Amino acid sequence: MKCNQAIKELSGYLDGELDPELKQTLEAHLTYCNHCHAVFDSTKKTIELYCDGKLFSLPDDVRTRLHEALKRKLHGRR
Amino acid sequence: MAEIPQVALARDESHLIGEAKAGNYAAFEELVNRYEKKIYRLGMNITGNREDAEDVLQEAFLKAFEHLPDFREDSRFYTWVVRIAVNEALMKLRKRRSSREVPMETSEDENGEVLVREFADWKPNPEQQFAQVELERILQSAANALPPGFRTVFYLRDVEGLSTEETAEVLDLTVGAVKARLFRARLRLREELSKIFKRGSIQ
């Protein structure tokens, strides 16, 4: 397997969508190709960084204003 | 801790929606409580600033409340609210940037295949080298290098955990387009972050 072929399968690999044979060929490539290994590894890490639950947490004042706006809307209806 | 079975959660949610449709505000508030954090984060991720994210959050739930009678339970409530929130967020961006969708900047070879420009290894645990606020700034600035249509696909699939099909439905895209955008978005974000996190880079 060549590097450009390996990169093409990156998304399918991360999403667990590759058929077993292709997955095995790809994993073999990743064990000896440091370049592709670094790309796969850091792409996985990229996703993990964005998934960190602590990031962009909802501030208390923003939450309070949301619930106040909803209550106003409800009372406006009555 | 025992996991709440998905079926029970869905049944409970369907009950809440029924109650909310019948005018029970507490039931609607319970639905808001479940998803407000995610919707705020979505707003932050797509618009890139707190003010817009707050507007997106409020508008999304106010509209959900208003249109609740129209909600047919053939999709998840969460996916439905996400769709409303994404529309609000993209509308904000269009207003701000006068409807300019910049093309995705990637290098391609003569066959149209995406070329990877940066092969460097990353330092271990890059997140531990930065304060929370600084890390948020880094991630946001990397995401801003992507056209909104691409980073939205990335957030829905990789951060919010929507399936390819759900993402396609929310954004009115084909499944193939979602996959193609996700692939390019992942590579581009990695490339942006590599500038900061790669081994040997100077802080």
Side-chain angles (χ1 to χ4, degrees), chain A residues 1-18 22 26 29-78, chain B residues 23 25 28-29 32-33 36-45 50 53-54 57-58 61-62 65-66 109 111 113-116 118-122 125-127 132 135-136 138-140 142-143 154-155 157-159 161 164 179-180 182-184 186-187 189-194 197-199:
Chain A
M1 180 177 260
K2 286 184 178 158
C3 291
N4 62 346
Q5 288 174 292
I7 297 297
K8 238 166 68 180
E9 305 302 340
L10 171 81
S11 254
Y13 181 72
L14 292 178
D15 296 331
E17 288 171 355
L18 300 189
L22 182 57
L26 178 65
H29 177 81
L30 293 179
T31 52
Y32 60 75
C33 177
N34 286 342
H35 282 171
C36 285
H37 189 271
V39 172
F40 274 59
D41 214 41
S42 50
T43 305
K44 225 164 90 186
K45 187 74 198 170
T46 296
I47 297 168
E48 283 167 17
L49 285 171
Y50 281 96
C51 284
D52 184 343
K54 294 195 295 287
L55 290 173
F56 309 124
S57 54
L58 176 63
D60 286 342
D61 57 327
V62 174
R63 181 176 188 273
T64 306
R65 285 195 290 273
L66 166 68
H67 287 259
E68 279 167 358
L70 285 166
K71 279 196 186 94
R72 271 201 305 277
K73 176 118 182 161
L74 181 84
H75 291 309
R77 262 186 177 188
R78 278 176 179 166
Chain B
Y25 177 71
F28 186 74
E29 197 161 37
V32 175
N33 289 339
E36 59 194 2
K37 289 191 183 72
K38 281 168 167 259
I39 299 294
Y40 178 73
R41 185 164 66 162
L42 183 85
M44 277 300 286
N45 281 329
R50 284 182 59 151
E54 176 165 0
L57 176 74
Q58 284 203 10
F61 281 114
L62 287 171
F65 187 62
E66 201 175 311
D109 65 10
N111 302 317
E113 283 180 15
V114 179
L115 287 178
V116 175
E118 175 64 76
F119 282 103
D121 231 345
W122 284 13
N125 307 317
E127 68 277 16
Q132 185 82 358
L135 188 62
E136 286 184 359
I138 291 168
L139 294 180
Q140 219 154 35
F154 175 80
Y155 287 120
R157 282 285 289 110
D158 281 344
V159 182
T164 304
K179 287 188 175 180
L182 181 63
F183 174 58
R184 281 164 183 257
R186 283 168 167 174
L187 279 181
L189 283 175
R190 188 204 69 89
E191 204 166 276
E192 286 295 315
L193 294 181
S194 289
F197 296 148
K198 71 179 174 189
R199 257 177 220 282

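To find a chain, count down the sequence lines: A is the first, B the second, and so on, and within it residues start at 1. Everything numeric in this text was worked out from a predicted model, so none of it was measured. Basis for what follows: all heavy atoms, side chains included, without hydrogens, waters or symmetry-related copies.
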Contact class of [X] relative to chain A, heavy atoms under 4.5 angstrom:
| X | answer |
| --- | --- |
| Ala53(B) | neither |
| Leu57(B) | both |
| Val32(B) | side chain |

For this session: For the residue pair Arg190(B) and Lys45(A), establish whether any side-chain heavy-atom pair is separated by less than 4.5 Å.
Result: no

Problem set entry | Val39(A) side chain reached by Leu187(B) side chain, heavy atoms, under 4.5 Å | yes

Between atom [atom1] of [X] and atom [atom2] of [Y], what is the distance when rounded to the nearest 0.5 Å?
| X | Y | atom1 | atom2 | answer |
| --- | --- | --- | --- | --- |
| Thr43(A) | Glu191(B) | OG1 | CD | 10.0 Å |
| Tyr25(B) | Leu70(A) | OH | CG | 4.5 Å |
| Ser42(A) | Leu189(B) | OG | CG | 11.5 Å |

For this session: Tell me, out of Ser57(A), Gly12(A), Cys3(A), Pro59(A), who's got the most heavy-atom pairs with chain B below 4.5 Å.
Result: Pro59(A)

Problem set entry | Pairs of heavy atoms under 4.5 Å with chain B: top-ranked of Asn34(A), Leu14(A), Leu66(A), Asp52(A) | Leu66(A)

For this session: Applying salt bridge (Lys or Arg N to Asp or Glu O under 4.0 Å), name anything that partners Glu9(A), two or more places apart in sequence or on another chain.
Result: none

Problem set entry | Pair Asn45(B)-Phe56(A), side-chain contact (heavy atoms from CB on, under 4.5 Å): steps then yes or no | CA-CA 8 Å; Asn45(B) 281 329; Phe56(A) 309 124; 3.2 Å; yes

Exercise. What's the verdict on side-chain contact (heavy atoms from CB on, under 4.5 Å) for Arg63(A) and Lys37(B), showing C-alpha distance, side-chain angles and the deciding distance?
Worked result: CA-CA 9 Å; Arg63(A) 181 176 188 273; Lys37(B) 289 191 183 72; over 6 Å; no

Problem set entry | Side chain Tyr50(A), main chain Leu139(B), donor-acceptor under 3.5 Å | yes

For this session: Return yes when atom CG of Asp60(A) has more than 12 non-hydrogen atoms of other residues, nucleotides or ligands closer than 6.0 Å, and no otherwise.
Result: no

Exercise. Which residues pass the ring pair (Phe, Tyr, Trp, His ring centres under 6.0 Å) test with His37(A), sequence neighbours left out?
Worked result: none

Problem set entry | Criterion side-chain contact (heavy atoms from CB on, under 4.5 Å) on His67(A) and Glu36(B), from CA distance to verdict | CA-CA 10 Å; His67(A) 287 259; Glu36(B) 59 194 2; 2.7 Å; yes

Seminar exercise, completed: If you tally heavy-atom pairs under 4.5 Å between each of Glu29(B), Glu136(B), Glu192(B) and chain A, the highest tally belongs to Glu136(B)

Problem set entry | Residues Asp15(A), Arg157(B): salt bridge by 4.0 Å N-O rule | yes

Exercise. Looking just at side-chain N and O atoms, do Ser11(A) and Arg186(B) make a donor-acceptor pair shorter than 3.5 Å?
Worked result: yes

